[in-house]
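When a ligand or atom number is given, it counts from 1 through the structure's own listing order. Reckoned from all heavy atoms, side chains included, excluding hydrogens, waters and symmetry mates. As the structure is a computational prediction, the values presented were derived from the model and not from experiment.
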Amino acid sequence: MAKIRMTTPLVEMDGDEMTRIIWKMIKDILITPYVDLKTEYYDLGLENRNATDDQVTVASAEATKKYGVAVKCATITPNAARMTEYNLKEMWKSPNGTIRAILDGTVFRSPITVKGITPYIPTWKKPITIARHAYGDVYKNTEMIVEAGSKAELLVTKADGTTETALIHDFKGNGIIQGMHNLDASISSFARACFNYALDLKQDIWFATKDTISKKYDHTFKDIFQEIFDSEYKEKFEQAGIEYFYTLIDDAVARVVRSEGGYIWACKNYDGDVMSDMIATAFGSLAMMTSVLVSPDGIYEYEAAHGTVQRHYYKHLKGEETSTNSVATLFAWTGALRKRGELDGIAELCDFADKLEKAAVKTIEDGIMTGDLYLLSTLENKQKVNTEQFLLAVNENLRASLV
Ligand code: NAP
Ligand code: MG
(Lines give C-alpha, C1' and ligand atoms only; values in the text may rest on other atoms or scores of the structure.)
(Ligands and ions follow the chains in the order given, each with its own letter.)
Protein backbone atom coordinates (compact mmCIF):
# COMPACT_ATOMS: atom_id res chain seq x y z
CA MET A 1 0.00 0.00 0.00
CA ALA A 2 1.36 3.44 -0.92
CA LYS A 3 1.94 5.81 1.96
CA ILE A 4 -0.47 8.74 2.37
CA ARG A 5 1.13 11.94 1.11
CA MET A 6 1.06 15.19 3.08
CA THR A 7 1.49 18.64 1.58
CA THR A 8 2.00 20.91 4.60
CA PRO A 9 4.11 19.90 7.62
CA LEU A 10 2.66 19.46 11.08
CA VAL A 11 4.49 21.35 13.79
CA GLU A 12 5.81 18.55 16.03
CA MET A 13 6.63 19.50 19.62
CA ASP A 14 8.46 16.67 21.34
CA GLY A 15 8.45 16.49 25.15
CA ASP A 16 9.62 14.70 28.25
CA GLU A 17 9.84 11.45 30.23
CA MET A 18 7.35 8.60 29.60
CA THR A 19 5.34 10.57 27.08
CA ARG A 20 8.53 11.14 25.05
CA ILE A 21 9.02 7.34 24.93
CA ILE A 22 5.37 6.87 23.89
CA TRP A 23 5.69 9.64 21.30
CA LYS A 24 8.37 7.75 19.39
CA MET A 25 6.52 4.43 19.67
CA ILE A 26 3.32 5.96 18.25
CA LYS A 27 5.21 7.40 15.29
CA ASP A 28 7.19 4.22 14.62
CA ILE A 29 4.39 1.70 15.05
CA LEU A 30 1.25 3.54 13.95
CA ILE A 31 2.06 6.53 11.78
CA THR A 32 5.23 6.39 9.66
CA PRO A 33 4.43 2.91 8.22
CA TYR A 34 1.26 4.42 6.68
CA VAL A 35 1.85 8.14 6.27
CA ASP A 36 4.68 9.89 4.48
CA LEU A 37 4.90 12.04 7.59
CA LYS A 38 5.94 15.64 7.11
CA THR A 39 6.73 17.52 10.30
CA GLU A 40 8.72 20.54 11.36
CA TYR A 41 10.32 19.18 14.52
CA TYR A 42 10.87 21.17 17.73
CA ASP A 43 12.43 19.47 20.72
CA LEU A 44 10.61 20.86 23.78
CA GLY A 45 12.27 18.31 26.05
CA LEU A 46 13.52 20.12 29.15
CA GLU A 47 17.22 19.64 28.25
CA ASN A 48 16.77 21.40 24.94
CA ARG A 49 14.58 24.14 26.42
CA ASN A 50 17.40 24.78 28.89
CA ALA A 51 20.07 24.67 26.15
CA THR A 52 18.15 27.16 23.98
CA ASP A 53 17.11 29.44 26.87
CA ASP A 54 13.54 28.33 26.10
CA GLN A 55 13.72 29.93 22.65
CA VAL A 56 12.68 26.60 21.14
CA THR A 57 9.27 26.95 22.79
CA VAL A 58 8.75 30.40 21.30
CA ALA A 59 9.97 29.17 17.89
CA SER A 60 7.54 26.23 17.98
CA ALA A 61 4.63 28.55 18.75
CA GLU A 62 5.67 30.90 15.91
CA ALA A 63 5.82 27.91 13.54
CA THR A 64 2.33 26.91 14.67
CA LYS A 65 1.11 30.39 13.69
CA LYS A 66 2.74 29.93 10.30
CA TYR A 67 1.46 26.42 9.48
CA GLY A 68 -1.75 26.33 11.50
CA VAL A 69 -1.59 22.88 13.13
CA ALA A 70 0.69 21.48 15.85
CA VAL A 71 0.88 18.29 17.90
CA LYS A 72 2.51 18.51 21.32
CA CYS A 73 3.93 15.90 23.69
CA ALA A 74 3.58 16.47 27.45
CA THR A 75 6.43 18.50 28.91
CA ILE A 76 7.87 19.07 32.37
CA THR A 77 6.99 22.38 34.00
CA PRO A 78 10.10 22.99 36.10
CA ASN A 79 9.89 23.28 39.89
CA ALA A 80 12.63 23.30 42.53
CA ALA A 81 13.26 19.55 42.25
CA ARG A 82 13.65 19.77 38.45
CA MET A 83 16.18 22.60 38.83
CA THR A 84 18.65 20.13 40.38
CA GLU A 85 17.53 17.06 38.43
CA TYR A 86 18.20 18.80 35.08
CA ASN A 87 20.79 21.33 36.27
CA LEU A 88 18.69 24.19 34.88
CA LYS A 89 19.90 27.73 34.26
CA GLU A 90 16.47 29.10 35.17
CA MET A 91 13.11 27.82 36.32
CA TRP A 92 11.68 28.01 32.77
CA LYS A 93 8.00 28.82 32.51
CA SER A 94 5.37 26.25 31.59
CA PRO A 95 5.64 25.66 27.80
CA ASN A 96 1.85 25.44 27.63
CA GLY A 97 1.58 28.89 29.20
CA THR A 98 4.12 30.33 26.75
CA ILE A 99 2.41 28.76 23.73
CA ARG A 100 -1.03 29.84 24.92
CA ALA A 101 0.14 33.42 25.39
CA ILE A 102 1.55 33.53 21.83
CA LEU A 103 -1.43 31.87 20.16
CA ASP A 104 -4.01 33.62 22.40
CA GLY A 105 -5.98 30.43 22.51
CA THR A 106 -8.72 28.64 24.40
CA VAL A 107 -8.23 25.08 25.63
CA PHE A 108 -10.91 22.48 24.86
CA ARG A 109 -10.82 19.18 26.74
CA SER A 110 -12.89 16.10 25.83
CA PRO A 111 -12.97 12.56 27.17
CA ILE A 112 -12.49 9.57 24.87
CA THR A 113 -15.33 7.22 25.72
CA VAL A 114 -15.13 3.43 25.39
CA LYS A 115 -17.42 0.50 26.27
CA GLY A 116 -16.50 -1.04 29.60
CA ILE A 117 -15.50 2.28 31.18
CA THR A 118 -18.81 3.73 32.31
CA PRO A 119 -19.13 7.34 33.43
CA TYR A 120 -20.07 7.75 37.08
CA ILE A 121 -23.11 9.65 35.78
CA PRO A 122 -25.19 7.01 34.03
CA THR A 123 -27.16 9.43 31.82
CA TRP A 124 -23.96 10.60 30.06
CA LYS A 125 -23.93 8.84 26.70
CA LYS A 126 -21.71 11.24 24.72
CA PRO A 127 -18.56 13.20 25.63
CA ILE A 128 -18.82 16.64 27.23
CA THR A 129 -16.15 19.07 26.06
CA ILE A 130 -15.01 21.78 28.47
CA ALA A 131 -13.80 25.10 27.04
CA ARG A 132 -11.88 27.00 29.68
CA HIS A 133 -11.07 30.69 29.43
CA ALA A 134 -7.39 30.88 30.28
CA TYR A 135 -6.89 34.54 31.17
CA GLY A 136 -7.40 36.65 34.29
CA ASP A 137 -9.96 36.54 37.12
CA VAL A 138 -8.70 34.93 40.32
CA TYR A 139 -5.53 33.68 38.54
CA LYS A 140 -4.24 37.25 38.16
CA ASN A 141 -5.68 38.67 41.37
CA THR A 142 -4.36 41.02 44.04
CA GLU A 143 -5.27 40.18 47.61
CA MET A 144 -4.91 41.79 51.01
CA ILE A 145 -5.57 40.85 54.59
CA VAL A 146 -7.47 43.72 56.18
CA GLU A 147 -7.43 44.76 59.83
CA ALA A 148 -10.48 45.80 61.81
CA GLY A 149 -11.24 49.51 61.49
CA SER A 150 -10.05 49.70 57.86
CA LYS A 151 -12.12 51.00 54.97
CA ALA A 152 -11.47 49.24 51.63
CA GLU A 153 -12.29 50.94 48.31
CA LEU A 154 -11.82 50.26 44.61
CA LEU A 155 -9.89 53.11 43.00
CA VAL A 156 -9.52 53.55 39.23
CA THR A 157 -7.30 56.30 37.84
CA LYS A 158 -8.27 57.02 34.25
CA ALA A 159 -6.02 58.11 31.38
CA ASP A 160 -7.01 61.76 31.91
CA GLY A 161 -6.07 61.59 35.60
CA THR A 162 -9.63 61.64 36.96
CA THR A 163 -10.58 58.93 39.39
CA GLU A 164 -13.53 56.75 40.24
CA THR A 165 -13.96 55.05 43.59
CA ALA A 166 -16.37 52.54 45.08
CA LEU A 167 -16.64 51.30 48.63
CA ILE A 168 -15.85 47.60 49.07
CA HIS A 169 -16.42 47.36 52.81
CA ASP A 170 -16.08 49.20 56.11
CA PHE A 171 -14.30 46.63 58.25
CA LYS A 172 -15.54 46.43 61.86
CA GLY A 173 -13.60 43.18 62.33
CA ASN A 174 -10.57 41.65 60.57
CA GLY A 175 -11.15 40.40 57.04
CA ILE A 176 -9.87 39.91 53.52
CA ILE A 177 -10.23 41.58 50.10
CA GLN A 178 -9.37 40.65 46.53
CA GLY A 179 -9.16 42.60 43.27
CA MET A 180 -9.32 40.95 39.88
CA HIS A 181 -9.73 41.90 36.24
CA ASN A 182 -10.36 40.70 32.74
CA LEU A 183 -10.08 42.26 29.28
CA ASP A 184 -12.74 42.73 26.61
CA ALA A 185 -10.21 41.58 24.00
CA SER A 186 -9.50 38.34 25.85
CA ILE A 187 -13.18 37.61 26.44
CA SER A 188 -13.90 38.28 22.75
CA SER A 189 -11.13 35.87 21.68
CA PHE A 190 -12.55 33.28 24.05
CA ALA A 191 -16.05 33.72 22.60
CA ARG A 192 -14.83 33.41 18.98
CA ALA A 193 -12.69 30.36 19.78
CA CYS A 194 -15.75 28.72 21.39
CA PHE A 195 -18.11 29.51 18.51
CA ASN A 196 -15.57 28.34 15.91
CA TYR A 197 -14.98 25.10 17.76
CA ALA A 198 -18.72 24.46 18.08
CA LEU A 199 -19.04 24.87 14.29
CA ASP A 200 -16.07 22.52 13.85
CA LEU A 201 -17.59 19.81 16.04
CA LYS A 202 -21.17 20.59 14.94
CA GLN A 203 -22.16 20.59 18.60
CA ASP A 204 -24.20 23.02 20.72
CA ILE A 205 -22.29 25.33 23.00
CA TRP A 206 -23.37 26.30 26.51
CA PHE A 207 -21.95 29.23 28.43
CA ALA A 208 -22.70 30.17 32.01
CA THR A 209 -21.67 32.82 34.53
CA LYS A 210 -23.19 34.33 37.67
CA ASP A 211 -24.44 37.50 35.97
CA THR A 212 -27.43 37.93 38.32
CA ILE A 213 -25.03 38.56 41.22
CA SER A 214 -22.05 40.01 39.32
CA LYS A 215 -23.98 42.63 37.36
CA LYS A 216 -20.93 44.26 35.75
CA TYR A 217 -18.11 41.68 35.77
CA ASP A 218 -19.91 38.48 34.80
CA HIS A 219 -22.55 40.40 32.88
CA THR A 220 -19.83 41.73 30.57
CA PHE A 221 -18.86 38.13 29.72
CA LYS A 222 -22.50 37.39 28.91
CA ASP A 223 -22.91 40.55 26.80
CA ILE A 224 -19.72 40.07 24.80
CA PHE A 225 -20.66 36.45 24.00
CA GLN A 226 -24.14 37.52 22.90
CA GLU A 227 -22.94 40.47 20.76
CA ILE A 228 -20.36 38.35 18.96
CA PHE A 229 -22.83 35.52 18.49
CA ASP A 230 -25.55 37.80 17.05
CA SER A 231 -23.26 39.72 14.71
CA GLU A 232 -20.90 36.97 13.50
CA TYR A 233 -22.23 33.48 14.17
CA LYS A 234 -26.03 33.36 14.32
CA GLU A 235 -26.52 32.42 10.67
CA LYS A 236 -23.63 29.95 10.59
CA PHE A 237 -25.11 28.21 13.62
CA GLU A 238 -28.55 28.03 11.99
CA GLN A 239 -27.02 26.51 8.86
CA ALA A 240 -25.09 23.96 10.95
CA GLY A 241 -28.22 23.15 12.98
CA ILE A 242 -26.55 23.91 16.30
CA GLU A 243 -27.36 26.25 19.20
CA TYR A 244 -25.71 28.76 21.48
CA PHE A 245 -27.27 28.61 24.92
CA TYR A 246 -26.60 30.90 27.90
CA THR A 247 -27.69 30.16 31.44
CA LEU A 248 -26.65 30.77 35.06
CA ILE A 249 -23.72 28.66 36.28
CA ASP A 250 -25.75 26.85 38.94
CA ASP A 251 -28.48 26.04 36.42
CA ALA A 252 -25.77 24.84 34.00
CA VAL A 253 -24.33 22.43 36.57
CA ALA A 254 -27.76 20.93 37.20
CA ARG A 255 -28.45 20.60 33.47
CA VAL A 256 -25.03 19.04 32.79
CA VAL A 257 -25.63 16.32 35.36
CA ARG A 258 -29.07 15.53 33.87
CA SER A 259 -27.87 15.70 30.25
CA GLU A 260 -26.83 12.99 27.80
CA GLY A 261 -23.63 14.87 26.91
CA GLY A 262 -22.62 15.70 23.35
CA TYR A 263 -22.04 19.47 23.68
CA ILE A 264 -19.36 22.00 24.55
CA TRP A 265 -19.50 23.73 27.93
CA ALA A 266 -17.70 27.08 27.97
CA CYS A 267 -16.50 28.13 31.42
CA LYS A 268 -14.84 31.15 32.96
CA ASN A 269 -11.31 30.48 34.16
CA TYR A 270 -12.05 29.21 37.67
CA ASP A 271 -15.22 27.32 36.70
CA GLY A 272 -13.24 25.61 33.92
CA ASP A 273 -10.41 24.66 36.28
CA VAL A 274 -12.81 22.98 38.69
CA MET A 275 -15.31 21.54 36.20
CA SER A 276 -12.68 20.00 33.88
CA ASP A 277 -11.39 17.87 36.76
CA MET A 278 -14.95 16.90 37.63
CA ILE A 279 -15.71 15.94 34.00
CA ALA A 280 -12.42 14.00 33.59
CA THR A 281 -12.96 12.04 36.78
CA ALA A 282 -16.63 11.37 36.13
CA PHE A 283 -15.82 10.04 32.63
CA GLY A 284 -13.17 7.69 34.05
CA SER A 285 -9.53 8.61 33.54
CA LEU A 286 -7.17 11.54 32.92
CA ALA A 287 -5.30 9.25 30.54
CA MET A 288 -8.39 9.33 28.28
CA MET A 289 -8.73 13.14 28.05
CA THR A 290 -7.68 14.98 24.92
CA SER A 291 -6.88 18.64 24.84
CA VAL A 292 -6.72 21.12 21.98
CA LEU A 293 -5.73 24.76 22.03
CA VAL A 294 -7.69 26.76 19.44
CA SER A 295 -6.83 30.35 18.63
CA PRO A 296 -9.50 32.86 17.59
CA ASP A 297 -7.99 32.91 14.07
CA GLY A 298 -8.31 29.14 13.71
CA ILE A 299 -4.91 27.74 14.70
CA TYR A 300 -4.89 24.33 16.41
CA GLU A 301 -2.48 22.70 18.84
CA TYR A 302 -3.34 19.14 19.94
CA GLU A 303 -2.09 17.34 23.05
CA ALA A 304 -3.02 14.91 25.82
CA ALA A 305 -4.44 16.42 29.01
CA HIS A 306 -2.13 14.41 31.30
CA GLY A 307 1.50 15.08 32.19
CA THR A 308 4.76 13.23 31.49
CA VAL A 309 3.83 10.27 33.75
CA GLN A 310 7.07 10.61 35.72
CA ARG A 311 6.58 7.58 38.00
CA HIS A 312 6.27 5.24 35.01
CA TYR A 313 9.35 6.83 33.39
CA TYR A 314 11.52 6.07 36.41
CA LYS A 315 10.35 2.45 36.22
CA HIS A 316 11.19 2.43 32.51
CA LEU A 317 14.68 3.81 33.25
CA LYS A 318 15.25 0.98 35.72
CA GLY A 319 14.43 -1.48 32.94
CA GLU A 320 11.09 -2.44 34.47
CA GLU A 321 8.02 -3.05 32.34
CA THR A 322 5.50 -0.19 32.12
CA SER A 323 1.83 -0.21 31.24
CA THR A 324 1.29 3.44 30.33
CA ASN A 325 -1.82 4.53 28.48
CA SER A 326 -0.95 6.09 25.12
CA VAL A 327 -4.52 6.77 23.95
CA ALA A 328 -4.70 10.52 24.69
CA THR A 329 -1.30 11.09 23.05
CA LEU A 330 -2.39 8.98 20.06
CA PHE A 331 -5.56 11.08 19.75
CA ALA A 332 -3.43 14.22 19.78
CA TRP A 333 -1.71 12.84 16.65
CA THR A 334 -4.96 11.78 14.98
CA GLY A 335 -6.57 15.15 15.78
CA ALA A 336 -3.64 16.99 14.21
CA LEU A 337 -3.45 14.71 11.14
CA ARG A 338 -7.21 15.01 10.56
CA LYS A 339 -7.11 18.81 10.84
CA ARG A 340 -4.13 18.93 8.43
CA GLY A 341 -6.10 16.71 6.06
CA GLU A 342 -9.15 19.00 6.28
CA LEU A 343 -7.13 22.15 5.68
CA ASP A 344 -5.16 20.66 2.77
CA GLY A 345 -8.07 18.73 1.24
CA ILE A 346 -6.45 15.31 1.76
CA ALA A 347 -9.43 13.03 2.42
CA GLU A 348 -7.16 9.98 2.80
CA LEU A 349 -5.41 11.58 5.75
CA CYS A 350 -8.72 12.32 7.51
CA ASP A 351 -9.86 8.78 6.82
CA PHE A 352 -6.61 7.37 8.22
CA ALA A 353 -7.03 9.44 11.42
CA ASP A 354 -10.62 8.15 11.82
CA LYS A 355 -9.52 4.53 11.34
CA LEU A 356 -6.61 4.85 13.75
CA GLU A 357 -8.92 6.22 16.46
CA LYS A 358 -11.43 3.45 15.83
CA ALA A 359 -8.64 0.85 16.00
CA ALA A 360 -7.54 2.18 19.41
CA VAL A 361 -11.10 2.17 20.77
CA LYS A 362 -11.76 -1.31 19.35
CA THR A 363 -8.60 -2.65 21.02
CA ILE A 364 -9.85 -1.50 24.44
CA GLU A 365 -13.41 -2.65 23.76
CA ASP A 366 -12.02 -6.08 22.75
CA GLY A 367 -10.48 -6.25 26.24
CA ILE A 368 -6.83 -5.34 25.56
CA MET A 369 -5.81 -2.36 27.71
CA THR A 370 -3.15 -0.75 29.88
CA GLY A 371 -3.13 -1.03 33.68
CA ASP A 372 -4.98 2.21 34.42
CA LEU A 373 -8.01 1.10 32.35
CA TYR A 374 -7.76 -2.51 33.53
CA LEU A 375 -8.58 -1.23 37.02
CA LEU A 376 -11.68 0.61 35.76
CA SER A 377 -13.06 -1.62 33.02
CA THR A 378 -16.16 -3.69 33.64
CA LEU A 379 -15.44 -6.03 30.68
CA GLU A 380 -15.19 -9.69 31.64
CA ASN A 381 -12.55 -10.76 29.14
CA LYS A 382 -10.12 -7.93 29.95
CA GLN A 383 -6.37 -8.36 29.70
CA LYS A 384 -3.63 -6.01 30.94
CA VAL A 385 -0.78 -5.42 28.47
CA ASN A 386 2.40 -3.33 28.55
CA THR A 387 2.95 0.03 26.84
CA GLU A 388 4.28 -1.42 23.59
CA GLN A 389 1.98 -4.44 23.41
CA PHE A 390 -1.01 -2.11 23.48
CA LEU A 391 0.25 -0.14 20.47
CA LEU A 392 1.04 -3.37 18.60
CA ALA A 393 -2.52 -4.57 19.25
CA VAL A 394 -3.88 -1.26 17.92
CA ASN A 395 -1.73 -1.77 14.83
CA GLU A 396 -3.32 -5.19 14.21
CA ASN A 397 -6.78 -3.59 14.20
CA LEU A 398 -5.59 -0.65 12.11
CA ARG A 399 -4.07 -2.93 9.48
CA ALA A 400 -7.28 -4.96 9.31
CA SER A 401 -9.37 -1.80 8.80
CA LEU A 402 -7.10 -0.43 6.04
CA VAL A 403 -7.28 -3.45 3.69
P1 NAP B 1 0.83 13.04 35.27
O2 NAP B 1 2.01 12.88 34.41
O3 NAP B 1 -0.44 13.37 34.58
O4 NAP B 1 0.64 11.69 36.09
C5 NAP B 1 -0.04 11.60 37.32
C6 NAP B 1 -0.47 10.16 37.57
O7 NAP B 1 -1.64 9.90 36.81
C8 NAP B 1 0.54 9.13 37.09
O9 NAP B 1 1.53 8.88 38.06
C10 NAP B 1 -0.36 7.95 36.80
O11 NAP B 1 -0.78 7.29 37.99
C12 NAP B 1 -1.57 8.62 36.21
N13 NAP B 1 -1.44 8.81 34.74
C14 NAP B 1 -1.40 9.98 34.07
N15 NAP B 1 -1.30 9.76 32.77
C16 NAP B 1 -1.27 8.42 32.59
C17 NAP B 1 -1.16 7.58 31.46
N18 NAP B 1 -1.06 8.09 30.23
N19 NAP B 1 -1.15 6.24 31.65
C20 NAP B 1 -1.27 5.71 32.88
N21 NAP B 1 -1.37 6.46 33.99
C22 NAP B 1 -1.37 7.80 33.85
O23 NAP B 1 1.08 14.16 36.35
P24 NAP B 1 2.34 14.40 37.33
O25 NAP B 1 3.04 13.10 37.63
O26 NAP B 1 1.80 15.22 38.39
O27 NAP B 1 3.32 15.29 36.49
C28 NAP B 1 4.46 14.82 35.84
C29 NAP B 1 5.07 15.93 35.02
O30 NAP B 1 4.16 16.30 33.99
C31 NAP B 1 5.34 17.20 35.80
O32 NAP B 1 6.71 17.58 35.60
C33 NAP B 1 4.41 18.23 35.24
O34 NAP B 1 5.01 19.50 35.17
C35 NAP B 1 4.11 17.70 33.87
N36 NAP B 1 2.77 18.07 33.33
C37 NAP B 1 2.74 18.44 32.03
C38 NAP B 1 1.52 18.71 31.42
C39 NAP B 1 1.52 19.10 29.97
O40 NAP B 1 2.55 19.16 29.33
N41 NAP B 1 0.37 19.34 29.40
C42 NAP B 1 0.34 18.58 32.15
C43 NAP B 1 0.41 18.17 33.48
C44 NAP B 1 1.64 17.90 34.05
P45 NAP B 1 0.00 6.06 38.65
O46 NAP B 1 1.35 6.57 38.98
O47 NAP B 1 -0.85 5.78 39.84
O48 NAP B 1 0.05 4.93 37.67
MG1 MG C 1 -7.40 22.06 38.15
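Closer than 4.0 Å to atom 2 (O) of ligand 1 lies at least one heavy atom of the protein. Not a single protein heavy atom sits closer than 4.0 Å to atom 27 (O) of ligand 1. For atom 30 (O) of ligand 1, a protein non-hydrogen atom is found at a distance below 4.0 Å. Atom 24 (P) of ligand 1 is not flagged as protein-proximal [any protein heavy atom, distance under 4.0 Å]. For atom 5 (C) of ligand 1, no protein heavy-atom neighbour is found at a distance under 4.0 Å.
If you number the atoms of ligand 1 from 1 as listed, the ones under 4.0 Å from a heavy atom of A74 come out as 40 (O). Listed by atom number, the atoms of ligand 1 under 4.0 Å from T324 heavy atoms are 17 (C), 18 (N), 19 (N). In the vicinity of K72, heavy-atom distances shorter than 4.0 Å reach the ligand 1 atoms 40 (O). For ligand 1, the atoms closer than 4.0 angstrom to any heavy atom of N96 are 40 (O), 41 (N). Close approach to E303 involves these atoms of ligand 1, each under 4.0 Å from a residue heavy atom: 41 (N).
Ion pairing of E17 with R82 is present here, as a side-chain N (NZ or NE/NH1/NH2) and a carboxylate O approach within less than 4.0 Å. Of the charged side-chain nitrogens involved, at least one lies within less than 4.0 Å of a carboxylate oxygen, so that E365 and K115 count as a salt-bridged pair. A salt bridge does not link D344 with K38: none of the charged nitrogens is closer than 4.0 Å to a carboxylate oxygen. Remark: D297 does not engage K65 in a salt bridge, criterion side-chain N to carboxylate O under 4.0 Å. Here R255 pairs with D251 in a salt bridge; the nearest charged N to carboxylate O distance falls below 4.0 Å.
The closest protein non-hydrogen atom to atom 38 (C) of ligand 1 is G307 CA, 3.7 Å. Looking only at heavy atoms of the protein, atom 14 (C) of ligand 1 is closest to H306 CB, 4.0 Å. Annotation: atom 48 (O) of ligand 1 to nearest protein heavy atom, H312 NE2, 2.8 Å. Here the heavy atom of the protein found nearest to atom 17 (C) of ligand 1 is A287 CB, 3.6 Å. Looking only at protein heavy atoms, the nearest one to atom 34 (O) of ligand 1 is T77 N, 2.9 Å. For atom 22 (C) of ligand 1, the closest non-hydrogen atom on the protein side is V309 CG1, 3.8 Å. Nearest protein heavy-atom neighbour of atom 35 (C) of ligand 1: T75 O, 3.4 Å. The nearest heavy-atom contact from the protein to atom 19 (N) of ligand 1 is N325 N, 2.9 Å.
At least one heavy atom of R82 sits less than 4.0 Å from an atom of ligand 1.
Using a 30° and 60° split on the angle between ring planes, Y233 and F237 fall in the perpendicular class, above 60°. Taking the six-membered ring for Trp and thresholds of 30 and 60 degrees, H316 and Y313 have nearly parallel ring planes, at less than 30 degrees apart. Between W206 and Y263, the ring-plane angle classifies as parallel under the 30° and 60° cut-offs. Between W23 and W333, the ring planes lie tilted relative to each other; the angle falls in the 30° to 60° range. Relative ring orientation between F207 and F190 is described as perpendicular, the plane-to-plane angle rising above 60° on a 0-90° scale split at 30° and 60°.
Ligand 1 has an N or O atom lying under 3.5 Å from an N or O atom of R311, backbone or side chain.
The side-chain contact (heavy atoms from CB on, under 4.5 Å) test with T75 is passed by exactly one of L44, L46, D14, T19: L44.
For H181 and Y135, the distance between ring centers is under 6.0 angstrom.
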